[in-house]
Amino acid sequence: MSFQRKDLLGIEDLSPEEIIFILDTAKSFREILERPIKMVPTLRGKTVVNLFFEPSTRTRLSFELAEKRLNADALSFSSVGSSVAKGETLLDTAKNILAMKVDCFVLRHVSPGAPHLLARELDVSVINAGDGAHEHPTQALLDLYTIRERKGRVEGLKMAIVGDITNSRVARSNIWGMGKLGAEVRVCGPPTLIPPDIERMGVKVFYSPEEALEGVDVIMMLRIQKERQKGSLPPSLNEYKEFFSLTEERLDLAHEDALVMHPGPVNRGVELPARIADGRKSIILNQVTNGVAVRMAILYLLLGRRR
């Protein structure tokens, strides 16, 4: 098959075949990252603009590096000190930049649906780099790639996502992605941080880590996202650590070869201790490395076909 979309806005509307095609494409770009010269001329002459309206380290640098590895011209925009601070709308900002003849926008925005707005109104490609608490598709794709790389498959695996589910776009995208590829997904956290209708996404809900982690193949720990909490608050930090931190005892409940993941940033000593974050089961840094390859693949699939 081929990838015929103009944009990448979420995992929910991708088919399993499209997801697999992206992951297979990323494999060839992952090999490029091991070469002495980690650059190919695939997108020479293309211009990608990174529009980030929220703080970011890994995602922003990963996209910028992916763009440079493909020989595209990369421009990075920050809302701080821009015309946005003067009252300019997102769409007007994008249209003004588009008038400079760019080819793609990578957008991170606090408002759910913001990338969809740009995709409807603009003729160029739009990539969702995180929209509020809605989705973070490239993170889910790099997570799927990393799991597939280490386990050889996704179908039939059991994954537990533990932490602030309500405010996590990473959780939502991973739930869609893992489910579409045939995995069982469990979510676990304090009742105030579990959406009341989350079962509709096909997950199993647990409020006890001991029950959620029993026999799982993949554990994804999430931080408490205080910047997005508007209503119900989590327990106190000490209480949260006592009941939901990934201890050695809880990790032992999973399969012997279970993988430990985290989308970052990691709050060491809160969701998991340093000895697990840096331990043999942790693939957190593998996620970061694979993120560049996956984003290279997405940029190539969206822009390379238009050459």
Side-chain angles (χ1 to χ4, degrees), residues 7-16 18-19 54 107-117 119-120 128-144 147 154-236 239-240 243-246 250 254 261-263 270-271:
D7 314 291
L8 180 70
L9 303 177
I11 301 296
E12 182 180 4
D13 63 341
L14 292 181
S15 69
E18 287 176 310
I19 294 173
E54 281 188 318
L107 177 65
R108 168 167 287 193
H109 202 278
V110 67
S111 299
H116 300 70
L117 169 66
R120 286 196 306 269
N128 182 1
D131 59 332
H134 178 224
E135 277 220 52
H136 194 348
T138 61
Q139 178 68 46
L141 288 167
L142 72 89
D143 292 339
L144 290 168
I147 293 169
V154 174
E155 184 177 7
L157 297 180
K158 295 179 181 179
M159 176 190 225
I161 305 176
V162 182
D164 184 355
I165 308 299
T166 295
N167 298 293
S168 176
R169 55 195 173 204
V170 173
R172 282 172 177 77
S173 288
N174 268 286
I175 288 169
W176 288 122
M178 293 291 289
K180 286 174 184 286
L181 297 190
E184 175 190 307
V185 183
R186 307 172 181 181
V187 296
C188 177
T192 53
L193 296 181
I194 301 288
D197 58 348
I198 192 73
E199 291 95 338
R200 295 181 184 179
M201 296 180 70
V203 303
K204 296 182 179 180
V205 178
F206 295 84
Y207 300 105
S208 162
E210 286 75 13
E211 296 178 7
L213 299 180
E214 183 69 39
V216 299
D217 304 284
V218 182
I219 303 169
M220 176 169 287
M221 303 302 296
L222 302 174
R223 67 184 177 88
I224 297 177
Q225 302 192 44
K226 296 180 180 179
E227 70 274 16
R228 294 201 183 97
Q229 292 169 2
K230 298 178 181 178
S232 300
L233 296 176
S236 69
E239 185 180 354
Y240 181 86
F243 289 104
F244 294 98
S245 178
L246 182 61
R250 289 170 179 151
M261 309 180 75
H262 196 300
V270 180
E271 54 262 27

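Numbers here are sequence positions counted from 1. Computed from heavy atoms alone, side chains included, the values below leave out hydrogens, waters and symmetry copies.
- In this structure, the side chain of S15 engages the main chain of E18 through a donor-acceptor pair within 3.5 Å.
- Side-chain N or O atoms of N128 include one that pairs as donor or acceptor with a backbone N or O of L9 at under 3.5 Å.
- Closest of all the heavy-atom pairs between M221 and F244 is CE-O, 3.6 Å.
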Walk me through it: do L8 and L14 pass the test side chain to side chain contact (heavy atoms under 4.5 Å, CB included)? CA-CA 9 Å; L8 180 70; L14 292 181; 3.9 Å; yes
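- Here the CG-CG distance, from L142 to N174, works out to 8.5 Å after rounding to the nearest 0.5 Å.
- When only modelled atom types and interatomic distance are considered, R108 and H136 share a side-chain donor-acceptor pair under 3.5 Å.
- Counting only distance, with no hydrogens or angles, the side chain of K158 and the backbone of G215 share no donor-acceptor pair below 3.5 Å.
- Summarising the geometry, atom CD1 belonging to I198 is positioned 7.0 Å from atom CD1 belonging to I165; distances are rounded to the nearest 0.5 Å.
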Could you please spell out the steps behind the side chain to side chain contact (heavy atoms under 4.5 Å, CB included) verdict for V162 and V187? CA-CA 6 Å; V162 182; V187 296; over 6 Å; no
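- Expressed to the nearest 0.5 Å, how far CD1 of I175 lies from CD1 of I161 amounts to 4.5 Å.
- Panel note: side chain S245, backbone V270; a donor-acceptor pair is recorded below 3.5 Å.
- Of the possible donor and acceptor atoms, one in the side chain of D131 sits under 3.5 Å from a partner among the backbone N and O of G113.
- Rounding to the nearest 0.5 Å places CD of E214 at 8.0 Å from CZ of R186.
- Across A140 and I11, no two heavy atoms sit closer than the pair CB-CG1, 4.0 Å.
- The two residues Y207 and P190 come nearest to each other via the heavy atoms CD2-C, 4.4 Å.
- For E155, there are no side chain to side chain donor-acceptor pair (under 3.5 Å) partners two or more places apart in sequence or in a different chain.
- Of the inter-residue distances, the one linking I219 atom CD1 with L213 atom CG reads 5.0 Å to the nearest 0.5 angstrom.
- The closest side-chain heavy-atom distance from M178 to I147 is below 4.5 Å.
- The two residues V216 and A212 make their nearest non-hydrogen contact at CG1-O, 3.2 Å.
- There is no side-chain donor-acceptor pair under 3.5 Å between H109 and E54.
- Proximity of a side-chain donor or acceptor of R172 to a complementary backbone N or O of T166 within less than 3.5 Å is detected.
- Residues D164 and L222 come closest through the heavy atom pair O-CD1, 3.9 Å.
- Between S208 and C188, the shortest heavy-atom distance links the atoms C-SG, 3.7 Å.
- Applying the side-chain contact (heavy atoms from CB on, under 4.5 Å) test to E199 and every residue at least two apart in sequence or in another chain returns V205.
- In this view, E210 and R250 satisfy the salt bridge (charged side-chain N to carboxylate O under 4.0 Å, His left out) rule, not counting sequence neighbours.
- At least one side-chain heavy atom of K180 sits under 4.5 Å from a side-chain heavy atom of I19.
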For V154 and M159, what are the C-alpha separation, side-chain angles and deciding distance, and is it a side chain to side chain contact (heavy atoms under 4.5 Å, CB included)? CA-CA 10 Å; V154 174; M159 176 190 225; over 6 Å; no
Between D143 and M220, is the side chain to side chain contact (heavy atoms under 4.5 Å, CB included) condition met? List the steps. CA-CA 10 Å; D143 292 339; M220 176 169 287; 3.3 Å; yes
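- No option in H134, E135, Q139 other than E135 meets the side-chain hydrogen bond (donor to acceptor under 3.5 Å, both in side chains) test with S173.
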